[in-house]
Amino acid sequence: MKLKKILGIDIGGSGVKGAIVHTKKGGLITERYRIPTPQPPTYKAVTEVVAQIVEHFKWEGPIGVGFPGVIQQGVARTAANLDRSWIDKDLNRLFSKKTGCKVHVVNDADAAGMAEMKFGSGKGFKGSAILITVGTGLGTVLFSNGKLMPNMELGHVLLHNRDAELYASDAARKAENLSWEAWGKRFNEYLALIENLLWPDLIIIGGGVSKKDDKFLEHLDTRAKVVPATLLNEAGIIGAALASKYLNKLSVES
Ligand code: BGC
C-alpha cells in the first residue's frame, strides 16, 4: 500500500479517539481528538461520533477502526462493554456508508498489538508475545514470530468463577477503589492463569495503566518477561490505521 496517511479511530468504553497516523513511521501526525462514548453506547449513537471525528479532520481517505469486541470480516460478534445493538452489524459497511470513506474495522486489542509489535516494545520480537490492554475491559492478542492470532478474547476466561475482566481490569480497580498493590495482586492472578494456558515468552501491558507501570510492576511475579507498552494510549489509534494494511496477512513482518 503506497498511502502513508490513514485516519485511525479507537472506539472504547469511555471515549472514542482519533488521529491521522503516519503508517510508515508509526506516529500521529495530528493531535488526538477525543469524544466521550455516548451513553447508552448504541451503534447508532457511536456511529454519529465516528462521523464527527471524520468531520473534525475533514478526512476523505482510508480509515482504520479498532472496536472493543470480536470482529469477523468487519462484522461485530460481541460488544461486552458497549451495547447489544452492535451484534452482527457489518461495521465495515456501516461506517463506510456513514462517512463516505473506505473503513476497515478490527478488534481493538489486535490493533494495539500490531502497533506495539511493529513500532513499540514488541518490535522485532520473534518468540510468542501476548499483549494485554487494560482499560474498561481486558483485551488480549497473541503473536507468534510476528504473526497475529485474531480475536483471542482471553479477557473473558473465568477467574474466581467470574469473567476475568470484571475482576482485574482498570475499570474494576476504579469501581472497587483498589490500591495499586491490591489491584496488582489481582492482575498477577490473571497473568498466572494466562501463563499456564499459553506460556508466552513476553507479556506486554498496554492500555491506560501502561504509563503507571511503576505503581504495579513490583507486584507481578511471572515466568515471562513483562514490559509496558511504549506507544501508550496511541497504540489503539496507530494500530487501527495499520490494520487495513497488514491484517489480511495476519503479520506485521512484511
Ligand atoms: C472485549 C474485547 C476487547 C477488550 C478491550 C473486551 O470486553 O471482549 O474484544 O478487546 O474488551 O476493549
Side-chain angles (χ1 to χ4, degrees), residues 8-18 34 36-43 46 49-50 64-89 91-92 104-117 122 129-143 148-159 162-175 183 186-187 190-191 193-194 197-198 203-210 228-229 231-240 242-243 247 250:
I9 298 181
D10 184 22
I11 298 178
S14 60
V16 184
K17 294 119 338 200
R34 180 184 188 278
T37 306
Q39 297 302 326
T42 61
Y43 83 88
V46 176
V49 166
V50 167
V65 175
F67 179 81
V70 171
I71 295 289
Q72 290 179 311
Q73 285 80 45
V75 178
R77 301 297 185 194
T78 69
N81 291 301
L82 292 178
D83 179 272
R84 284 203 59 79
S85 62
W86 290 92
I87 309 296
D88 294 338
K89 291 281 181 307
L91 303 189
N92 284 353
H104 190 87
V105 184
V106 293
N107 171 265
D108 58 355
D110 290 355
M114 293 184 89
E116 282 297 327
M117 296 305 284
I130 184 160
L131 175 125
I132 304 177
T133 64
V134 185
T136 308
L138 287 177
T140 55
V141 56
L142 180 70
F143 287 83
L148 166 82
M149 170 70 199
N151 293 313
M152 284 287 288
E153 292 298 321
L154 294 172
H156 301 292
V157 290
L158 286 187
L159 185 56
R162 58 174 157 152
D163 199 308
E165 73 176 22
L166 300 178
Y167 180 73
S169 66
D170 200 36
R173 179 184 67 80
K174 288 176 183 155
W183 177 80
R186 283 189 182 197
F187 190 58
Y190 175 66
L191 292 183
L193 180 60
I194 295 300
L197 292 170
L198 296 173
I203 300 174
I204 304 173
I205 311 294
V209 303
S210 53
L231 301 175
L232 307 175
N233 55 9
E234 292 181 359
I237 297 175
I238 295 173
L242 279 184
L247 203 71
L250 301 183

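These numbers come from a predicted model, not from an experiment. For ligands, and for the atoms within them, numbers begin at 1 and follow the listed sequence.
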For Leu138, take its heavy atoms, then give the atoms of ligand 1 lying under 4.0 Å from any of them.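 Those atoms are 4 (C).
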Out of all atoms in ligand 1, which are within 4.0 Å of some heavy atom of Gly139? Include the element for each.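 Numbered from 1, ligand 1 contributes 4 (C), 5 (C), 10 (O).
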Check whether Asp110 reaches the backbone of Asn151 with its side chain - one donor and one acceptor, N or O, closer than 3.5 Å.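 Such a contact is found between Asp110 side chain and Asn151 backbone.
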Expected output: side-chain Thr136 to main-chain Ala171 donor-acceptor under 3.5 Å: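 No; zero donor-acceptor contacts below 3.5 Å.
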Min N/O separation [X] to ligand 1 under 3.5 Å:
X	answer
Asn81	yes
His156	yes
Gly69	yes

Where does Pro68 meet ligand 1, judged by heavy-atom distances below 4.0 Å: at the side chain, the backbone, both, or neither?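 Both parts.
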Which is it for Thr136 and ligand 1 at heavy atoms under 4.0 Å: side chain, backbone, both or neither?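 For Thr136, there is no contact with ligand 1 at all, from either part.
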Provide, to 0.1 Å, the distance between [atom] and the closest protein heavy atom, together with that atom's residue and name.
atom	value
atom 12 (O) of ligand 1	Asp108 OD2, 2.6 Å
atom 2 (C) of ligand 1	Glu153 OE2, 3.2 Å
atom 7 (O) of ligand 1	Glu165 OE1, 2.8 Å

Heavy-atom side-chain contact between Val16 and Ile9 under 4.5 Å: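 Answer yes - side chains close enough.
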Show the nearest heavy-atom pair for residues Ala235 and Ala115, with the distance to one decimal.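 Looks like O-CB, 3.5 Å.
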Which residue is it: Leu191, Ile204, Leu154? I am looking for the one with a side chain to side chain contact (heavy atoms under 4.5 Å, CB included) to Ile132.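 Of Leu191, Ile204, Leu154, side chain to side chain contact (heavy atoms under 4.5 Å, CB included) with Ile132 is met by Leu191 alone.
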Kindly indicate, with the supporting measurements, whether the criterion side-chain contact (heavy atoms from CB on, under 4.5 Å) is fulfilled by Asp108 and Phe67. CA-CA 5 Å; Asp108 58 355; Phe67 179 81; 5.9 Å; no
Axial cation check for Tyr167 ring with Arg162, 6.0 Å and 45° limits: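 So Arg162 doesn't make the cation-pi contact.
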